[in-house]
Amino acid sequence: MKLVIVGHIGLNEDRTPHGSAVSPGGAAYACARGAAVLDATQVGVVATVGDDLSLAPIRSLGVNLLGVRVARGRSPRFYIDQHPDGRRTFSVDFGIATEAAPDSFPPAYRLTRHVHLATAPPEQQLAWLVHLRRVLPRATISVDMFEHFAEREGALCRQVCRGADLIFMNEEEQRLLFGGHEHPPVPAVVKFGPEGAGYCQDGQLTRVRATREEPVDTTHAGEILAGVFLSLRAYGLPRQDCLAHAVRAAAAKVTQFGVNGDALTATLDRIRAEVTAAA
């Protein structure tokens with residue numbers, strides 16, 4: 001297994017100036033959607049879902065679901081309001097996934113090279129981080145931040161970041177967490193929204209610009225970016241190429257609701273074809 005993604009799978013209810021939609025979501029699902037860009041069988045997912053949710057959408061990605069545990073109860077549901085000025089408000093009912101469940105990490109995943117802790121409450125990410133450092137001492141671990149938690153639980157978020165090997169965050173999260181605090185000595189992928197993203201290491205930022213798209217639904221663009229980047233990186237592609245492809249995929253995602261739109265699908269197919277042809 002080259003990459004394991006730990007997070008949530010559920011339903012998103014997005015309300016935007018362009019309309020509303022309910023679609024399969026959760027950070028683990030969206031990240032897996034991007035990570036399946038190459039060999040989906042080398043991507044494992046760890047999540048707890050309720051028996052009220054169909055797993056058909058994530059099964060269709062072809063990723064390994066040994067770590068997805070179905071329990072009696074309600075699956076996570078995420079409510080996101082995207083405002084005309086670019087602000088987002090967020091609320092969530094985690095249902096039966098209110099706490100981290102490290103015992104759900106399958107023994108079959110313990111040879112993985114990299115684990116990604118997708119967006120989640122920092123106390124859950126921290127519990128996972130402590131467990132994974134103990135059972136997977138050789139694996140690298142990345143974490144993804146989220147404004148909602150960075151604003152309310154900054155100290156815990158910084159503790160998670162200090163324990164990681166790679167951080168994903170946007171400009172606002174970076175400001176909230178490290179505007180007045182020392183940045184951990186680990187690299188970060190910094191997301192600049194419609195301006196693309198950059199890879200920051202040792203104070204040096206290498207940026208990739210995004211194509212300008214009319215945003216319809218920006219939810220999970222960051223997870224798509226992380227999934228594509230980590231998947232391509234696991235296959236040994238140069239970091240700059242990984243980031244360029246990841247930015248392309250994120251830009252395509254924002255043009256449609258959810259993460260199963262035709263634009264994103266076509267972009268991921270093109271990335272797969274280009275990477276395969278160059279191999």
Side-chain touch E195/R209, heavy atoms, less than 4.5 angstrom: yes
Between H220 and the options N12, D14, T119, the side-chain hydrogen bond (donor to acceptor under 3.5 Å, both in side chains) test singles out N12
- Message: Testing the 3.5 Å rule here: is there a donor-acceptor pair between the side chains of T206 and Q240?
- Response: no
Checking E173, E172, E171 against R175 for salt bridge (Lys or Arg N to Asp or Glu O under 4.0 Å), the one that qualifies is E172
- Task: May I ask you to check whether over 12 heavy atoms, not counting those of E99, lie within 6.0 Å of atom CD?
- Result: no
Going by heavy atoms in the side chains, are I141 and R133 under 4.5 Å from each other? yes
| query | Do the rings of F94 and F78 sit parallel, tilted or perpendicular, given the 30° and 60° boundaries? | reply | perpendicular
| message | Tell me whether R33 contacts the main-chain N or O of V259 through its side chain, where contact means a donor paired with an acceptor under 3.5 Å. | response | yes
- Mark yes or no for whether S60, through its side chain, and P57, through its backbone, hold a donor-acceptor pair below 3.5 Å. yes
Is the closest side-chain heavy-atom distance between V49 and L55 below 4.5 Å? yes
Report task. Tell me, please, whether F192 has R207 positioned over its six-membered ring: NZ or CZ under 6.0 Å from the ring centre and within 45 degrees of its axis? Result -> yes
With a 3.5 Å distance limit and no angle check, can you tell me whether R239 reaches the backbone of L243 through a side-chain donor-acceptor pair? no
> Would you say L205 and Y199 make side-chain contact, with heavy atoms under 4.5 Å?
Replying inline: no
| said: Please determine whether residues L53 and V70 belong to a single hydrophobic cluster, defined as Ile, Leu, Val, Met, Phe, Trp and Tyr linked transitively by side-chain heavy-atom distances below 4.5 Å. | reply: yes
Q: Could you tell me whether D39 and K2 make a salt bridge, using a distance below 4.0 angstrom between a side-chain N and a carboxylate O?
A: no
Do V186 and I167 have side-chain heavy atoms sitting under 4.5 Å apart? yes
Practice prompt. Go through I58 and L65 one step at a time and tell me if the side-chain contact (heavy atoms from CB on, under 4.5 Å) criterion holds.
Written response: CA-CA 9 Å; I58 194 166; L65 301 182; 3.9 Å; yes
Exercise. Would you confirm whether Y109, through its side chain, and V115, through its main-chain N or O, come within 3.5 Å as a donor-acceptor pair?
Key: no
From the list E153, Q125, Q124, side-chain contact (heavy atoms from CB on, under 4.5 Å) partner of V160 resolves to Q125
*Does the S231 side chain pair with the main chain of V228, one donor and one acceptor, at a distance under 3.5 Å?*
no
Separation between CG (L232) and CD1 (I271), nearest 0.5 Å, reads 7.0 Å
Taking V130's backbone N and O only, do any of them form a donor-acceptor pair with R134's side chain (distance below 3.5 Å, no angle check)? no
The salt bridge (Lys or Arg N to Asp or Glu O under 4.0 Å) partner of R74 among D52, D51, D93 is D93
Residues V46, V68; criterion side-chain contact (heavy atoms from CB on, under 4.5 Å); working and verdict:
CA-CA 5 Å; V46 178; V68 176; over 6 Å; no
Check: Hey, mind stepping through R248 and E274 against salt bridge (Lys or Arg N to Asp or Glu O under 4.0 Å) and telling me if it holds?
Finding: CA-CA 13 Å; R248 283 172 61 195; E274 291 169 15; 2.9 Å; yes
Margin query: For the backbone of T218 and the side chain of Q82, can you confirm whether one donor and one acceptor N or O come within less than 3.5 Å of each other?
Written below: yes
Discussion item. Between Q256 and D262, do the side chains contain a donor N or O and an acceptor N or O under 3.5 Å apart?
Written reply: no
Worksheet item: Is any side-chain heavy atom of I5 closer than 4.5 Å to a side-chain heavy atom of V43?
Response: yes
Check your understanding: Given H116 and F168, is the ring-ring contact (aromatic ring centres under 6.0 Å, His included) satisfied, shown in steps?
Key -> CA-CA 10 Å; H116 179 61; F168 288 84; 5.4 Å; yes
Checklist entry - Cluster question for you: counting only ILVMFWY and a side-chain heavy-atom cut-off of under 4.5 Å, with indirect links fine, are F229 and Y29 together? => result yes
Is a side-chain donor-acceptor pair under 3.5 Å present for Q174 with H183? no
message = Between S142 and D165, is the side-chain contact (heavy atoms from CB on, under 4.5 Å) condition met? List the steps.
response = CA-CA 6 Å; S142 57; D165 300 299; over 6 Å; no
> Do you reckon I9 sits in the same ILVMFWY cluster as L3, going by side-chain contacts under 4.5 Å, direct or chained?
Replying inline: yes
Between R88 and T16, a side-chain donor and acceptor under 3.5 Å: no
Sidechain-backbone polar pair: K253 side chain, L225 backbone, donor-acceptor under 3.5 Å = no
- Query: Hey, quick one: are L117 and V45 part of the same hydrophobic cluster, counting side-chain heavy atoms closer than 4.5 Å, chains of contacts allowed?
  - Reply: no
* Flag side-chain contact, heavy atom, 4.5 Å: Q159 against L126 -> yes
Notebook entry, point to check: If only atom types and distance count, is the side chain of R158 paired as donor or acceptor with the main-chain N or O of L177 below 3.5 Å?
Noted result: yes
**Report entry** Backbone N/O of R272 and side chain of T276: donor-acceptor pair under 3.5 Å
**Finding:** yes
Hey, does the Lys NZ or Arg CZ of R15 hover above the aromatic six-ring of Y79, less than 6.0 Å from the centre and inside 45° of the axis?
no
| said: Would F178 and M169 count as a side-chain contact (heavy atoms from CB on, under 4.5 Å) here? Give the steps. | reply: CA-CA 11 Å; F178 302 113; M169 57 187 167; 4.0 Å; yes
Worksheet entry | Sidechain N-carboxylate O distance under 4.0 Å for R77, E13 | yes
Is the closest side-chain heavy-atom distance between L38 and V275 below 4.5 Å? yes
Here the gap from N170 atom CG to F146 atom CZ, rounded to the nearest 0.5 Å, amounts to 9.0 Å
